[in-house]
J.: 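Sharing a structure with you now.
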Amino acid sequence: MISRIVTFGLSGTRAFRVTVETDITRGIPYYDIVGLGSEAVRESRKRIRAAIINQRYDFPSGHVTQNLAPADVRKVGSSFDLPLALGILCAGEERRRANEGGYGRESEYYELRRLAGVPETPEEINGDEAFLNGDDAGGTLGTGRNTGPGEVRHSPGGEGNAGTVGVVGELSLDGTVRPVKGVLPAAVCCREEGIGRIIIPFENYEEASLCPEIEIWPVKTLREAADAYACNPERFSENSGKAREAAHALLTFERNIALRKNDQADTAGCEMPASGENGKPDCGNGKESCGSEAKSGDQTGLAEGAGAEDYCDLADVYGQHGAKRALEIAAAGKHNLLMVGSPGCGKSMLAVCLKGILPDMTFEEFFETSQIYSSCGMERELGGIERRPFRAVHRGITRTALIGGGRPLEIGEVSLAHNGVLFLDELSEMPRGIVESLRQPLEEKKVFVNNCGIKEMLPANFLFVGAANPCPCGNYYEKSGKCTCSYAAVTGYASRISGAILDRMDIRVNMRSVDAERIGNRDSEPSAAVKRRVEAARQIQRERYRNRPFSANGDIDNISYVKECEISPSIRKLLSGAVENFGLSVRAYEKIVKVARTIADLDGREMISEDDVLESLQYRGCERSGGGAAA
């Protein structure tokens, strides 16, 4: 008899269906796994054998062969342990006990049929009465009176998805089920395949519950998984039901956070709550909500929805009003930003402040980003729906770590920053090849990598923020003339960032050190006030691009640019003169108009004005030679 268990492999950020086929025959005891599995899959044989024995099952004594289909696609990871073990139980252990007459009652026999994945029809049940009475000559669970010699009874994963159950999980030696990465992509693939249920490790329930229209069965041991796969979830259905209710309440609560107005309650971040009497989340202290009321007049500078330990406030940055304005525009329209200035002038601090003024993620954005982090096993690093990813990259990073790739496939920082921020400090000190590799993701919002001969597409739609010094000593912009670099040194240092990368920057800002009289003067708006304007501008853009594949001005494609960023003839003439005088490219021309569109959205205006375009033009002042006015 051959049993089939449906599970899922992971390739990049997506999951694909894998069928575990198990065959047990008489012969010298031997256990083999085929189907192009990685070293972790081949090592699972010892884990599976120990887990089955320690869960008080008998490991088959014959020749056990398991195949991971399709056999031409490489399978990586330990998530195949649980489906492999269930395949052995279905094909061997319970079958042997049935053959020996260990189960005499009819109800127990049909329970084993369900465990083995054998479909039950009235004809089959009537045909198997002889087996229940001990008169069947074949004497096997997989072959009854209506099945000829050598035929295979298909399990739920064989020829259709009706009644199919997906299974993922790693096994420890004592049979407990350990958490694995990629559970959320597996649940999404399960839904796309039309499979209604999936068995997962208990610790992965929170991330899997984000996927709607699918029933999640969390298990802690191999025996629980066998009970669930046998369609007997009664013994743990009560706990699972409570967990599902709590998860749905939490998702509803976070969905309201993403769509709330500025004067509504905000979350403070807590563990997954249980459901209260009225269906609202209960934090365990008798209160219905774990949020705190947002105060519009709060001068502490904390942006709504995030903690003070995660970022600094704009009010804590002295001076640099021009750079703060550029930061607000970049956050409102999702525009790439490059800050060039003296050491210690506040470039890195402003980049960290960006986390406090970015708008909250929508549920769709949170779902996309969660799949990426789940495929890397980093789902707990993502935080709540109100916290966009912020990836600060060290200048010694490799190309594979930044873009992705390798064998097995590694998710790069550009994909981990999807729907968030990618910050590269000391951009001029990074190897030129590393910086040049950002051309494709900056332009196409995705990256293509090669995974064992298969071309994978990884999402990389991020807001890029770069920081660099203008010269080797860093003092080129200082009024005091402290710069000791020659003109050749300045131009050579600036040329480390190619024109292609500079042209992809929507906003470029030059900064110098803060004047002494401004130090200690907190004369700037707090991040909370700036965030409210940013969220209002983003909401305008979502309404404008409701039925489009983009939702921010910075993501407008070249085809939709003319329609979405309409300008008057006088503005067109102004831009034509700028192209001739400054030698701007077509890409730079379009980015100037997109930034002007964002400036108009921040002011609540429908049409782009000449003032908007003039302000946008000044953000192209950071040239290769280091010229331009400093903020």
Side-chain angles (χ1 to χ4, degrees), residues 254-264 266 294 296 303-306 314 324-337 353-366 368-369 385-388 418-421 445 461-465 506-507 525-568 571 575 590-617 619:
E254 291 186 334
R255 197 174 292 115
N256 292 334
I257 292 175
L259 301 176
R260 73 184 189 278
K261 297 180 181 179
N262 294 323
D263 57 347
Q264 288 179 324
D266 195 12
S296 58
E304 298 147 336
L314 283 174
K324 291 177 182 178
R325 171 66 173 172
L327 201 71
E328 178 181 349
I329 297 172
K334 200 176 180 183
H335 299 292
N336 298 324
L337 172 65
C353 289
L354 186 61
K355 294 193 289 185
I357 65 174
L358 285 172
D360 297 345
M361 284 191 286
T362 63
F363 182 76
E364 290 74 17
E365 291 175 332
F366 182 65
E368 290 177 2
T369 310
I385 194 171
E386 74 280 0
R387 302 185 183 184
R388 292 182 179 269
H418 183 67
N419 291 323
V421 178
K445 309 300 181 182
N461 190 358
F462 54 84
L463 192 163
F464 176 84
V465 178
D506 302 48
I507 301 174
E525 288 183 293
S527 294
V530 178
K531 181 177 181 179
R532 283 192 287 270
R533 292 198 298 270
V534 169
E535 287 182 331
R538 279 291 185 97
Q539 186 59 34
I540 292 173
Q541 295 167 43
R542 293 192 191 102
E543 293 294 333
R544 182 187 299 131
Y545 311 132
R546 180 180 296 273
N547 298 321
R548 311 304 291 271
F550 46 83
S551 61
N553 293 330
D555 292 338
I556 300 177
D557 54 53
N558 297 333
I559 299 176
S560 306
Y561 154 76
V562 177
K563 178 182 178 181
E564 305 297 345
C565 298
E566 185 178 355
I567 55 178
S568 64
I571 295 177
L575 288 173
E590 295 177 352
K591 287 186 177 296
I592 290 172
V593 179
K594 293 177 185 178
V595 172
R597 175 71 270 172
T598 300
I599 296 173
D601 291 339
L602 284 169
D603 293 339
R605 285 181 279 102
E606 183 65 27
M607 295 300 297
I608 301 174
S609 67
E610 290 189 12
D611 291 338
D612 300 332
V613 175
L614 290 173
E615 183 180 358
S616 179
L617 273 170
Y619 296 127

J.: Which heavy-atom pair separates Ala537 from Ala332 by the least distance, and what is that distance?
T.: CB-CB, 4.0 Å
J.: Are the side chains of Phe550 and Ser560 in touch, meaning some heavy atoms are under 4.5 Å apart?
T.: yes
J.: Measure across Glu615 and Ile329 and return the closest heavy-atom pair with its distance rounded to 0.1 Å.
T.: OE2-CD1, 3.7 Å
J.: Please examine the side chains of Leu337 and Leu354, heavy atoms only from C-beta on, and report whether any two atoms are closer than 4.5 Å.
T.: no
J.: Of all heavy-atom pairs between Tyr619 and Ala326, which one has the smallest distance, and what is that distance?
T.: CE2-CB, 4.0 Å
J.: Check this for me: does any side-chain nitrogen of one of Arg533 and Glu328 sit under 4.0 Å from a carboxylate oxygen of the other?
T.: yes
J.: Show the numbers, then the answer: is there a side-chain contact (heavy atoms from CB on, under 4.5 Å) between Arg388 and Thr369?
T.: CA-CA 9 Å; Arg388 292 182 179 269; Thr369 310; over 6 Å; no
J.: Nearest 0.5 Å please: distance from the CE atom of Met361 over to the CZ atom of Arg387.
T.: 10.5 Å
J.: We want to know whether Glu535 and Gln539 form a side-chain donor-acceptor pair, criterion being a heavy-atom distance below 3.5 angstrom.
T.: no
J.: Run the side-chain contact (heavy atoms from CB on, under 4.5 Å) check on Arg597 and Gln541 step by step: do they pass?
T.: CA-CA 10 Å; Arg597 175 71 270 172; Gln541 295 167 43; over 6 Å; no
J.: Would you call Asp506 and Lys594 a salt bridge, using N to O less than 4.0 angstrom?
T.: no
J.: Heavy atoms, side chains only, cut-off 4.5 Å: are Glu590 and Ile556 in contact?
T.: no
J.: Carefully, step by step, assess Asp557 and Arg548 under the rule side-chain contact (heavy atoms from CB on, under 4.5 Å).
T.: CA-CA 10 Å; Asp557 54 53; Arg548 311 304 291 271; 5.6 Å; no
J.: Quick one: CD on Glu610 to CG on Leu575, what's the gap to the nearest 0.5 Å?
T.: 9.5 Å
J.: Do Asp601 and Thr598 get their side chains close enough for a donor-acceptor pair, meaning under 3.5 Å?
T.: no
J.: After noting the C-alpha distance and the side-chain angles of Thr362 and Arg542, does the key distance pass the side-chain contact (heavy atoms from CB on, under 4.5 Å) rule?
T.: CA-CA 11 Å; Thr362 63; Arg542 293 192 191 102; 3.7 Å; yes
J.: Nearest 0.5 Å, please: how far is CG in Leu314 from SG in Cys353?
T.: 4.5 Å
J.: Shortest non-hydrogen contact from Val593 to Cys565?
T.: CG1-CB, 3.6 Å
J.: Hey, is Arg538 close enough to Asp360 for a salt bridge, meaning N to O under 4.0 Å?
T.: no
J.: Between the side chains of Asn461 and Lys334, is a donor N or O closer than 3.5 angstrom to an acceptor N or O?
T.: yes
J.: How many angstroms lie between atom CG of Asp612 and atom CD1 of Ile567, to the nearest 0.5 angstrom?
T.: 11.5 Å
J.: For Leu358, which of Val421, Asn419, Val534 qualifies under side chain to side chain contact (heavy atoms under 4.5 Å, CB included)?
T.: Val421
J.: Please round to the nearest 0.5 Å and tell me the distance separating atom CG of Leu614 and atom CD1 of Ile571.
T.: 9.0 Å
J.: Where is the tightest heavy-atom contact between Ile507 and Ala330, given as atom of each residue plus distance?
T.: CD1-N, 4.0 Å
J.: Between CD of Glu364 and OG of Ser551, what distance do you get to the nearest 0.5 Å?
T.: 10.0 Å
J.: Using a 4.5 Å cut-off on heavy atoms from C-beta on, say whether the side chain of Lys324 contacts that of Val530.
T.: no
J.: Search all heavy atoms of Gly333 against all heavy atoms of Ala552 and return the closest pair with its distance.
T.: O-CB, 3.9 Å
